[in-house]
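Single-structure report; data block below.
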Amino acid sequence: MFKSLKIFLHNGKQYIPDIRAAKAPGVFRGRPVISTEKVDGEALKDVCPAGAISLSPVSIDLGRCLFCGECEHCFPAKIHFTDDCHLATNVRERLIVREGEDKPIELDKSLIRPEIRKAFRNSLKLRQVSAGGDGSCEAELNATGNVQFDMGRFGIEFAASPRHADGVLVTGPVSANMAEALQLTYDAVSEPKVIILDGTDAISGGMYADSPDVDRSFIENHEIDLYIPGNPAHPLTIINGLLDLTR
């Protein structure tokens with residue numbers, strides 16, 4: 001015991017005390033702000049490799065955005081990515097940021113099913129399904145459990161089996177060869193259960209949306225409880241989104 005106390009006193013508290021107020025590092029690209037500055041709209045639209053930018057009005061769909069920053073680099077007076085990491089929502093439309101608007105992205109509390117907060121307020125176990133993911137979103141999910149973020153202190157953890165889980169957290173665009181496995185995993189979770197999409201690929205298909213090797217039927221046929229944008233999503237975005245959903 002004394003050895004453990006000595007280690008604790010030497011290392012101090014390594015976890016982030018207030019996860020709600022924590023700021024992402026300077027290199028992080030969070031919620032973008034689009035000014036009313038006049039630019040060549042077609043040139044701005046063409047610079048986005050994911051087709052996330054639309055015109056009239058100019059908008060960015062964070063469900064498709066790769067957060068590469070190319071639009072900000074080419075049009076710095078028009079687009080600026082802030083350090084706001086609170087990006088998760090339960091309304092797909094709220095992931096669309098429009099020019100002239102500078103408001104936070106939030107959940108619509110009226111749409112959160114009552115059983116979610118009743119059953120999962122203090123304990124939420126998720127089965128993570130990498131449905132064709134590239135490993136980046138999965139790596140950030142691993143980071144949520146490290147000594148800094150320590151998501152487990154909020155009662156939110158990942159389960160090894162869907163039969164021990166309260167829902168599925170999906171990463172990746174859902175490749176055709178993972179579509180059935182994802183459905184079987186979801187079916188094995190007992191009610192009530194949640195579906196969470198983590199990352200651009202899971203939300204919209206990302207760069208692979210039009211690929212014949214992608215099967216989005218599961219996403220299209222089920223109600224989604226939480227969208228967590230990012231490419232990949234930052235641990236602070238993930239944890240705060242899950243807390244907003246359950247508390």
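The structure displayed is predicted, hence computed values, not measured ones.
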Show every donor-acceptor pair shorter than 3.5 Å between a side-chain atom in residues 119-126 and any protein atom, with sequence neighbours excluded, or say none if there are none.
residue	atom	partner	partner atom	Å
Lys125	NZ	Glu157	OE1	2.6

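- One N or O on the side chain of Ser204 and one on the backbone of Gly63 form a donor-acceptor pair closer than 3.5 Å.
- In this structure Asn240 satisfies the side chain to side chain contact (heavy atoms under 4.5 Å, CB included) test together with Ile19, Arg20, His86, Leu236, sequence neighbours excluded.
- Taking the side chain as every heavy atom from C-beta outward, Leu62 and Pro32 approach each other to under 4.5 Å.
- Applying the salt bridge (Lys or Arg N to Asp or Glu O under 4.0 Å) definition to pairs two or more places apart or across chains, none involves residues 49-60.
- Side-chain contact between Arg94 and Asp108: present, with at least one pair of heavy atoms (C-beta onward) separated by less than 4.5 Å.
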Name each donor-acceptor pair under 3.5 Å that joins a side chain in residues 45-60 to protein atoms two or more places apart or in another chain, with its distance.
none

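- Evaluation of the salt bridge (Lys or Arg N to Asp or Glu O under 4.0 Å) test over residues 67-92, restricted to residues two or more places apart or in two chains, returns Arg31-Asp84, Asp61-Arg92, Lys78-Glu99.
- The side chain to side chain contact (heavy atoms under 4.5 Å, CB included) search around Asn146 returns Ala143, Gln148, Phe149, not counting sequence neighbours.
- Looking only at side-chain heavy atoms (C-beta outward), Lys193 and Arg127 stay at 4.5 Å or farther from each other.
- Judged as a side chain to side chain contact (heavy atoms under 4.5 Å, CB included), and not counting sequence neighbours, the contacts of Glu93 are Val91, Ile96, Arg98.
- Within the structure, side chain to side chain donor-acceptor pair (under 3.5 Å) pairs that include any residue of residues 229-239 do not occur (at least two apart or interchain).
- Other residues, nucleotides and ligands contribute only 12 or fewer heavy atoms inside 6.0 Å of the CD atom of Glu180.
- Annotation: Asp187, atom CG; neighbour count of heavy atoms from other residues, nucleotides and ligands within 6.0 Å is above 12.
- Applying the ring-ring contact (aromatic ring centres under 6.0 Å, His included) rule to Tyr208 yields no partners; only residues at least two apart in sequence or on another chain are considered.
- Using a 4.5 Å heavy-atom threshold, the side chains of Asp102 and Thr82 count as separate.
- Side chain of Thr200 to backbone of Cys65: a donor-acceptor contact under 3.5 angstrom is found.
- His222 meets the ring-ring contact (aromatic ring centres under 6.0 Å, His included) test with Tyr186, Phe218; sequence neighbours excluded.
- Residues Ile156 and Ile239 are not in side-chain contact: their nearest non-hydrogen atoms beyond the backbone lie 4.5 Å or more apart.
- Applying the side-chain hydrogen bond (donor to acceptor under 3.5 Å, both in side chains) criterion to Arg113, with sequence neighbours excluded, gives Glu115, Asp225.
- By the 4.5 Å heavy-atom criterion applied to side chains, Leu226 and Leu107 are counted as neighbours.
- Nearest heavy atom pair, residue Pro173 against residue Gly133, reads CD-N, 4.4 Å.
- Note: Ile228 CD1 to Asp198 CG = 5.0 Å, rounded to the nearest 0.5 Å.
- Under the side chain to side chain contact (heavy atoms under 4.5 Å, CB included) criterion, Ala181 pairs with Met178, sequence neighbours left out.
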